[in-house]
Amino acid sequence: MSENVFRSPRKRGRIAVFLSGRGSNFMAIHEAIEAGEINADVALVFSNKKEAPGFLFARDRGLETLYLRPKSFPDRESYDQEIAREIEAREIDLIVLAGYMRILTAPFCERFLLRIINIHPALLPSFPGLHVQQKAIDWGVRFSGATVHFVIPEVDMGPIILQAVVPVLQDDTEESLSARILKEEHKIYPEAVKLFFEGRVEVRGRKVFILD
Ligand code: GRF
């Protein structure tokens, strides 16, 4: 049986960052782009929260921003349809979820399949969902970390691109573990975007291969 193979494009990419909060991962990616480390431009920063610090940061930097008020739409499907129109109008190559706190609808995920990535503060498939640093502590795992993965309709279950591991210490609090993981997030998320536009991300089935 032949398996579908996807290979990321080798080009100067146009990315859209989706965020709802602090935006430290977006800032790490932006910094790497400014430093010339990633062959891409931030063509859009989108938010469902117009006061999100990451969104204000983007506006201050003169980046193109878009806010859509969820309450102005009858349902999640129509909200996501409007985002999709905006994304297509700007010829976006990759959507980078960076603390975007709304679950994307299945039609949106399918429309942009293998063109949406996310970062999650745990070693997936362990601890999907929210408050996962506390869940890792409560479970008593010795290691946790961060995962960059493609987005599919099943939340936090898409093909894994990169992971980083950190120890969980006996006296960790949610804050201390989150900070240790976040430091790694700021390394692997820019790295994943870099690899993507170097044409080095290949997906076969649910496995991702990083090409030399
Ligand atoms: C990060 O912990 C990320 O893993 C999760 O949401 C948080 C976003 O943080 N998806 P920031 O807004 O990038 O600072």
Side-chain angles (χ1 to χ4, degrees), residues 15-34 37-38 40 42 44-61 63 65-67 70 83 94-105 108-109 112 115-139 141 143-168 172-194 196 208:
I15 69 171
V17 177
F18 286 19
L19 54 79
S20 307
R22 184 173 60 180
S24 71
N25 278 289
F26 156 53
M27 290 171 201
I29 291 167
H30 180 256
E31 203 174 294
I33 289 175
E34 295 283 285
E37 290 161 11
I38 299 178
V42 178
L44 180 68
V45 175
F46 169 75
S47 187
N48 60 322
K49 302 258 183 216
K50 68 173 184 296
E51 302 303 334
F55 192 66
L56 301 177
F57 172 91
R59 250 186 23 203
D60 289 348
R61 294 295 176 295
L63 295 170
T65 55
L66 173 70
Y67 160 70
I83 306 173
L94 184 67
I95 296 170
V96 176
L97 306 184
Y100 183 61
M101 298 307 285
R102 275 171 76 90
I103 293 173
L104 291 165
T105 54
F108 188 95
C109 294
F112 299 102
R115 285 198 284 149
I116 315 174
I117 60 175
N118 182 44
I119 188 151
H120 182 78
L123 293 175
L124 292 172
S126 291
F127 307 115
L130 294 174
H131 309 295
V132 296
Q133 297 94 336
Q134 186 62 53
K135 284 178 189 160
I137 292 171
D138 293 345
W139 194 265
V141 293
F143 294 94
S144 188
T147 304
V148 179
H149 63 93
F150 284 105
V151 171
I152 60 172
E154 294 75 36
V155 176
D156 295 331
M157 286 300 137
I160 290 170
I161 304 170
L162 293 178
Q163 289 187 307
V165 179
V166 305
V168 180
D172 260 332
T173 60
E174 186 176 12
E175 290 67 35
S176 63
L177 179 59
S178 300
R180 194 174 308 121
I181 293 172
L182 194 64
K183 231 172 129 182
E184 298 305 313
E185 293 184 35
H186 295 165
K187 293 180 200 157
I188 65 170
Y189 216 6
E191 178 65 17
V193 179
K194 173 176 180 280
F196 189 90
V208 176

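Both ligands and their constituent atoms are indexed starting at 1 by order of listing.
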Looking at atom 11 (P) of ligand 1, what's its closest protein heavy atom, distance included? S24 N, 3.4 Å
Among all residues two or more places apart in sequence or in another chain, which pass the side-chain contact (heavy atoms from CB on, under 4.5 Å) test with Q163? L123, T147, I160
I'd like to check which ligand 1 atoms, numbered from 1 as shown, lie under 4.0 Å from a non-hydrogen atom of G99. 6 (O), 8 (C)
Using the six-membered ring wherever Trp is involved, compare the ring planes of F108 and F18 and label them parallel, tilted or perpendicular (cut-offs 30° and 60°). tilted
Looking at D172, is its backbone amide N or carbonyl O close enough to the side chain of S176 to form a donor-acceptor pair, meaning the two atoms are under 3.5 Å apart? no
Suppose we measure from atom 5 (C) of ligand 1 to each protein heavy atom; which comes out shortest, and what is that distance? I119 O, 3.8 Å
When you compare ligand 1 with G23, is there at least one nitrogen or oxygen pair between them that comes in under 3.5 angstrom? yes
Nearest option to atom 4 (O) of ligand 1, as decided by whichever heavy atom of Q133, M27, R22, E185 sits closest: E185
Salt bridge (charged side-chain N to carboxylate O under 4.0 Å, His left out) partners of D156, counting only residues at least two apart: none
Cation-pi, F57 ring and R59 (6.0 angstrom, 45 degrees): no
